[in-house]
Amino acid sequence: MSSPPPSAALAGLNPAQQAAVNYMQGPCLVLAGAGSGKTRVITHKIGRLIQAGLKPEQIAAITFTNKAAAEMRERAKSLIGKSARGVLICTFHALGVRMLRQDGGELGLKPQFSILDSDDVTSIIKDAGGSTDAATARQWQWRISAWKNSGLNAAQAEAQAENDEDRTLARIMARYEERLTAYQSVDFDDLIGLPLKLLQEHAAVRDKWQAALGHVLVDEYQDTNATQYELLKLLVGARGGFTAVGDDDQSIYGWRGATLDNLKRLPVDYPTLKVVKLEQNYRSTSAILRAANNVIGPNPKLYPKTLFSELGEGEPVRVVDCDGEEHEAERVVARIQSLRAGGELQAVGSQHKEWKDFSVLYRANHQAKVFEKAFRRAQIPYKVSGGQSFFDRAEIKDLCCWLRLLSNNDDDPAFMRAVTTPKRGIGHTTLQALGNFASLYKLSLFESLFSHSLGTALPAKAVGSLQEFGRYLNELEYRAKHTVGAEDARVFLTDWLKDIDYEQHLYDAEDSEKVAAARWSNVMDFCDWMAQRCGGQIEDAVGTTMEKERKSMLEVIQTIALLSTISEREGEQNVVTLSTLHAAKGLEWPHVMLVSCVEGLLPFKLDEENELGTNAESIALRLQEERRLMYVGITRAQRTLSVSWLRRRKKGRDMIAGTVSRFVGEMGLDKTTVREDPHEKIRALRAEFAQRAADGAAAKALAESKANF
Ligand code: ATP
Ligand code: MG
C-alpha cells in the first residue's frame, strides 16, 4: 500500500485547517461558514489518517448526497492516489444499506431485501390504512416517517399518542411495518433506523463495526437527524474517533427532521471535543460574501462566526428585475451568452466560461421548466438536479420494478407493478385472490405462484397464466445471472423488452405518439446506462474506449433499487446546472443566477401562512430556515452572482404582482437594478452567431445531455 508523502495531506491548508486535520486523538468538530474549506478538511484528513497508519478500509467519510460522495472520491483520489479506493465514502443511507446487507440477517432481513421508494410506500400505507386517497396516505406517510426519524416504532408511537387520531395512525404504522417485513422490504428511514437497531441490540455486530472503523468523518453535520446522530455515536463507540464538519447557518433540512440539537449536543456528549473554527472563505469575492453575511445577519446565532475573503472585491452583485418568468428566463440566457462571449469576463479577470461554470438556482422544483424551455431554444446544454429525476419517470419505474423483482422475488409491490405492466391478461380479480391466498399462507405473491394449493383458490386458467409469468421471471433471472459485460447486457435488455412488448405498451398507453416516442427514448437511455454498468469495453462521452470491471446483469440489478431512488446519475458533464437551492448545498460555480427572488417563492409561501394566521413562532422559525436557504444560494457563487425577481408572477392560475424578496433588501446592495442592458443584448446576439457558426459543438453537447431532459 502506498502512503501519501507526508506533506500532501497538509498542503494547501491554512493553520486552522491543518489543526483539524492533524487532530486524530479523539472527537473533532469543525464549525465554520460557507466556503471556508470544511469539505476540504475532510478530504485531506482522509490522507492524513492513512499517513498516520490507518488502513483505507478503516476510514468512512459520510456525505449528504451520492453526488457529493462521488466528488469527494475524485478529490481523495487525486490527493492520495489509489489507496483512496479502499475508503468508504458514501451517504448515511448507503452506509445503512451496506450494514444491512452484511448483518441485516440478525434482524430477520434477507441479504437481498428491497428498498422501497416513496411511491411504493404511499401505496402500501394506503392499503394499510384502508384509504384510497393518495393525499391522505401521503400525510400519514409524512407523520410515520417523522416518528421513525425520531426513533419511534409503532408500539412506542401508540404508547405516547395523545389523541385518537395519533392512536389510529400508530395502528396504521403497525400494519405498515408488518407489510414491510412480509415483503422483505425497507423504506428510506429504515436505512438509518434498522442499522441503528442492529447496533443497539446486537453487541457482537456493534463490536465488529467499531473495530472495523478507525475514524468516521461527517460532512454537512448540521443537517443530520436524531437517528443519524445515534447511529454515528454507536459506530464510533466510546473512543469517539470522528470528525464532523458543519455550519449551523446552512441547516436547511429542518422540515425533514434534521436538528441543530445534534450540534449542541456534541460538546455535552463528548466533553473532550476539539472545536476548530475556520474564518477565511476561499470561494467567493468580497462583494458576494458581504451580501451573504448581511443576509444571515438577522438570524439568531448558535455560534457567532466571522468570515472574510481575500479574493478581492469582484463584480458587484446584480439585481435584475424582470417582467415575468419567461422574461427572466430570457435574461438568464442572455446573461450566460454574454458572459461566455467574454467581454465582461475579461473585466472580472475570470476565465470561467464553460457551460459547467454556470448555475441557475431556484426555490421549488417546478420553476425549472421555463428555464429548460428557454435553454432548449437557445441550444444551451443543461441538467436539472434536485428535480424529478430521470428515474422517477413512469416508464423507468416500470422497468425498475421488473428488475427489483428479479433481485428479490418477494418484493410484492414490484410484483404487482410488473405483472400488470404491460397488461398480460391477468385481471384484478385474479390478483386479489392471489393476494388473499398469499396473506392466508404467509407467502409472498411470487412464492404463492408455485404453491400446490393455489388451484383451490383460483380457476385453472388463472393459475396457468400466473405460473407462466412466474416461469418467465425465473428464466429472466437465470439469464440475468449469466449475462456479463455491456455487450451481452444490451442483448439481454433488448430481448426482454421485446418479450414483454414494452414499446407497444407505451404507444397503446399514450394518446400522443410524440410523448410515447419520448418515453421510449428514455427507455433506450436507461438500457444504455444499465448496460454500461455491466462493464467490459465501454465508450465514454467523448468516444474513448476503455475496459471497466465486468459485472453480471443480476449484480447490477441488485444495486438499482438504491441508485434509482436516492442517487443522481454519475458523470460530470459540461452543461449548465439548473438546481433547487436544497440540492445545491456544498457545491460551487463561478457564475450563479439566483432566480425568482420574490415573496411567496423565497421565502416560500410565508405570505400565505401569514394570511392563514399560523402562529408567530412557527412563522419566525420558517423564516429563519428560508433565510439560511438564501445564504446557501448566495454562497454557491465564486465570481459573479445575479439575483433576479419578477414584477408579475403566477400564483395558482392567477397572475399577481410580484414583490421583491425581503432577502434581496437584506443583502445590503446599492440601489442599482439592472432592468435592461442593450449592450448585453447585442453581445449576446453576437455570441450566439459566433457560436452557431463555430462547429455545432453546442448541438453535440445537447445530444449528449439529452438523457437529462
Ligand atoms: P460549504 O459550506 O459550502 O460546504 P466548505 O466549507 O465545505 O463550503 P469547501 O468546499 O471545502 O468549503 O471549499 C470551498 C472552496 O475553497 C473550494 O474550491 C476549495 O477548494 C477552496 N479551498 C478551501 N480551503 C482552501 C485553502 N486553504 N486554500 C485554497 N483554497 C481552498
Ligand atoms: Mg462543504
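Residue numbers start at 1 and run along the sequence shown. Start at 1 and go down the list; that is how both ligands and their atoms are numbered. These figures come from a predicted structure and were not determined experimentally.
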| query | When Leu311 is tested against each of Arg283, Gln280, Arg639 for side-chain contact (heavy atoms from CB on, under 4.5 Å), which residue passes? | reply |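 One option only clears the test, and that one is Arg639.
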| task | Not counting sequence neighbours, which residues clear salt bridge (Lys or Arg N to Asp or Glu O under 4.0 Å) with Glu57? List them please. | result |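 Residues passing salt bridge (Lys or Arg N to Asp or Glu O under 4.0 Å) with Glu57: none at all.
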| task | Identify whether NZ of Lys or CZ of Arg in Lys585 sits under 6.0 Å from the centre of the six-membered ring of Phe64 and within 45° of that ring's axis. | result |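 Yes, Lys585 lies over the aromatic ring of Phe64.
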| Strictly by modelled atom types, are Asp261 and Tyr229 linked by a side-chain donor-acceptor pair under 3.5 Å? |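 Looking only at side-chain atoms, Tyr229 and Asp261 do not form any donor-acceptor pair under 3.5 Å.
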| Distance only, no hydrogens: is a donor on one side chain within 3.5 Å (strictly under) of an acceptor on the other, for Tyr631 and Gln250? |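 No, no side-chain donor-acceptor contact under 3.5 Å.
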| said: As a test of reading the model: which residues have a non-hydrogen atom less than 4.0 Å away from ligand 1? | reply: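 Ligand 1 is contacted, at a heavy-atom distance under 4.0 Å, by Gly12, Leu13, Asn14, Gln17, Gly33, Ala34, Gly35, Ser36, Gly37, Lys38, Thr39, Arg40, Glu220, Gln250, Tyr282, Arg283, Gly586, Glu588, Arg636.
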| query | Who pairs with Glu230 by side-chain contact (heavy atoms from CB on, under 4.5 Å), at least two apart in sequence or on another chain? | reply |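 Once residues adjacent in sequence are excluded, the partners of Glu230 under the side-chain contact (heavy atoms from CB on, under 4.5 Å) criterion are Leu196, Lys233, Arg265.
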| request: Give me the protein N, O or S atoms that fall under 2.8 Å of the Mg ion (ligand 2), sorted by chain and residue number. | output: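 Counting only protein N, O or S atoms under 2.8 Å from the Mg ion (ligand 2), the list reads Thr39 OG1.
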| Any idea how Phe242 and Tyr270 line up, ring-wise: parallel (<30°), tilted (30 to 60°), or perpendicular (>60°)? |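 Aromatic pair Phe242/Tyr270 classed perpendicular.
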| message | Apply side-chain hydrogen bond (donor to acceptor under 3.5 Å, both in side chains) to residues Gln638 and Ser284 and explain how you reach the verdict. | response | CA-CA 4 Å; Gln638 294 173 302; Ser284 313; over 6 Å; no
| message | Is it the case that the side chain of Arg48 and the backbone of Val21 share a donor-acceptor pair, with hydrogens and angles ignored and the cut-off at 3.5 Å? | response |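 Such a contact is absent between Arg48 side chain and Val21 backbone.
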